[in-house]
Amino acid sequence: MMKKIIMLVAGAVMMASCDQFFQGSVSTEEENRVDSLQSLLDQKDSELNDMMNAFSDIQAGFDAINEAEGRINLLDETSEGSYGPEYIQENMEFIENTMLENKRKIEELQQKLKSSTLNTAKMQEAIDKLNTQLEEKTQEIEQLRQQLSERDVKIQQLDESVQKLTTENAQVKAESETNAEIARNQDAQLNTAWYMFGTSKELKEHRILVDGDVLKTKDFDADYFTKIDIRKTNVIPLNSKSAKLLTVHPAGSYSLLKDSKGEYTLRITDASEFWSVSKYLVIKVK
């Protein structure tokens with residue numbers, strides 16, 4: 001776009017200069033006419049330099065706007081780096097300020113052309129193209145602003161979704177932990193048993209044995225029992241030469257063995273079967 005504009009400007013200046021030159025060459029005999037022509041050419045050179053500098057500044061502004069747009073689009077596509085909303089805001093402010101500055105410079109250029117000796121159709125065409133470029137860029141920036149606005153809404157919705165998902169995950173995790181704890185407690189209860197052994201006198205004192213019946217009352221001394229995990233405890237030394245199980249446990253699921261001193265040890269060979277009838281084990285010893 002800028003190359004086309006520069007070519008238009010250069011062509012317009014050359015045409016104006018050549019017209020004036022040939023008009024002046026007809027009267028070369030008149031020195032004052034030559035001086036007037038030279039002065040006119042110098043004025044045109046000065047005006048041309050001013051306009052070319054203005055065209056160059058305006059195009060540099062458009063180039064800077066394009067670069068700022070590129071930075072915003074790149075950040076929007078990658079979502080990487082340490083740049084946040086402030087960085088996008090800075091670039092948008094730069095774009096808007098530069099657009100306003102370009103608009104001001106184009107208006108100044110138009111005013112210069114009105115009073116310039118270079119006021120030709122080609123020069124006006126070049127300025128018209130700048131105005132068209134300004135209008136197109138204005139629409140483009142408005143679209144970018146709209147995209148950023150929509151993206152902010154999407155980001156907010158995404159944040160809300162992530163927050164909701166995080167909350168749901170936390171709830172699921174809490175429920176899972178609760179269920180796991182319940183399962184552990186249930187498992188522990190299923191695998192917990194209590195045993196005790198003592199003389200007939202001790203059993204009666206702790207109301208474990210009442211009128212010849214074992215554990216028939218609810219007020220027996222529960223603290224007299226030892227709590228065990230049936231998966232881990234399968235051998236119970238009784239330290240007695242006499243032992244008798246008072247609670248019911250299936251035959252074949254255990255054995256009473258004597259050691260070298262003649263003292264009994266209870267060995268449970270099938271824990272699941274042994275504890276299937278009762279989770280309480282009472283053994284009478286002497």
Side-chain angles (χ1 to χ4, degrees), residues 1-13 45-171:
M1 175 68 77
M2 191 57 191
K3 289 183 178 179
K4 292 181 179 179
I5 294 174
I6 293 175
M7 291 178 65
L8 286 172
V9 174
V13 172
D45 287 341
S46 176
E47 292 174 355
L48 175 62
N49 288 333
D50 287 345
M51 289 192 175
M52 292 301 293
N53 287 335
F55 276 104
S56 179
D57 288 345
I58 293 169
Q59 188 57 44
F62 282 126
D63 291 341
I65 290 170
N66 290 335
E67 291 178 3
E69 285 185 88
R71 289 192 294 270
I72 293 175
N73 290 329
L74 180 62
L75 183 63
D76 189 35
E77 291 172 1
T78 61
S79 298
E80 295 178 353
S82 58
Y83 304 111
E86 297 82 2
Y87 180 77
I88 294 178
Q89 183 64 30
E90 288 175 3
N91 279 276
M92 287 301 297
E93 289 178 358
F94 171 80
I95 289 173
E96 292 173 357
N97 291 335
T98 307
M99 287 286 289
L100 290 174
E101 184 66 14
N102 265 13
K103 184 175 184 297
R104 183 187 64 78
K105 289 179 179 179
I106 293 174
E107 291 173 350
E108 288 182 353
L109 189 59
Q110 183 68 69
Q111 292 300 320
K112 287 181 179 180
L113 182 61
K114 288 181 179 180
S115 59
S116 171
T117 58
L118 300 175
N119 192 356
T120 66
K122 290 291 185 181
M123 185 67 74
Q124 184 60 54
E125 183 181 349
I127 295 177
D128 290 342
K129 289 185 179 295
L130 285 178
N131 278 315
T132 299
Q133 188 175 358
L134 182 67
E135 292 175 2
E136 293 175 349
K137 184 59 65 176
T138 300
Q139 295 176 0
E140 188 177 313
I141 298 305
E142 184 59 33
Q143 291 177 356
L144 177 59
R145 186 182 291 106
Q146 182 65 28
Q147 291 172 2
L148 291 174
S149 176
E150 292 175 355
R151 192 193 69 169
D152 288 341
V153 173
K154 291 179 181 178
I155 289 176
Q156 182 179 0
Q157 292 174 345
L158 178 60
D159 289 341
E160 291 174 355
S161 298
V162 171
Q163 184 177 4
K164 181 179 179 181
L165 181 60
T166 301
T167 301
E168 290 176 351
N169 287 342
Q171 292 174 346

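Being a predicted model, the structure only gives us computed values, none of them experimental.
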side-chain contact (heavy atoms from CB on, under 4.5 Å) assessment of R145 paired with L148: CA-CA 5 Å; R145 186 182 291 106; L148 291 174; 5.7 Å; no
Residues that E135 engages under salt bridge (charged side-chain N to carboxylate O under 4.0 Å, His left out), provided they are two or more places apart: none
Spatial distance of atom CD (E69) from atom CD1 (I95) [nearest 0.5 Å]: 5.0 Å
Q147 versus Q143, side-chain donor and acceptor atoms under 3.5 Å: no
Where A68 and F94 come nearest, the two heavy atoms and their spacing: CB-CD2, 3.9 Å
L144 CG to Q139 CD distance, which is reported to the nearest 0.5 Å: 14.0 Å
Any side-chain donor near an acceptor of the partner, D63 and Q59, under 3.5 Å: yes
Atom pair CD (E136) and OG1 (T138), whose distance is rounded to the nearest 0.5 Å: 10.0 Å
Worked verdict on K105 versus E108 for salt bridge (Lys or Arg N to Asp or Glu O under 4.0 Å): CA-CA 5 Å; K105 289 179 179 179; E108 288 182 353; over 6 Å; no
Heavy-atom pair with the smallest gap, counting every atom of F62 and L130: CZ-O, 4.3 Å
Residues E101, R104: salt bridge by 4.0 Å N-O rule: yes
Heavy-atom pair with the smallest gap, counting every atom of G61 and T98: O-CG2, 3.5 Å
Atom pair CD1 (I106) and CG (D57), whose distance is rounded to the nearest 0.5 Å: 11.5 Å
Validation row: Q111, K114 side chains within 4.5 angstrom (heavy atoms): yes
Inter-residue atom distance K112.NZ - L109.CG, 0.5 Å rounding: 7.0 Å
Reported OG1-to-CD1 distance for the pair T132 and I127, which is rounded to 0.5 angstrom: 12.0 Å
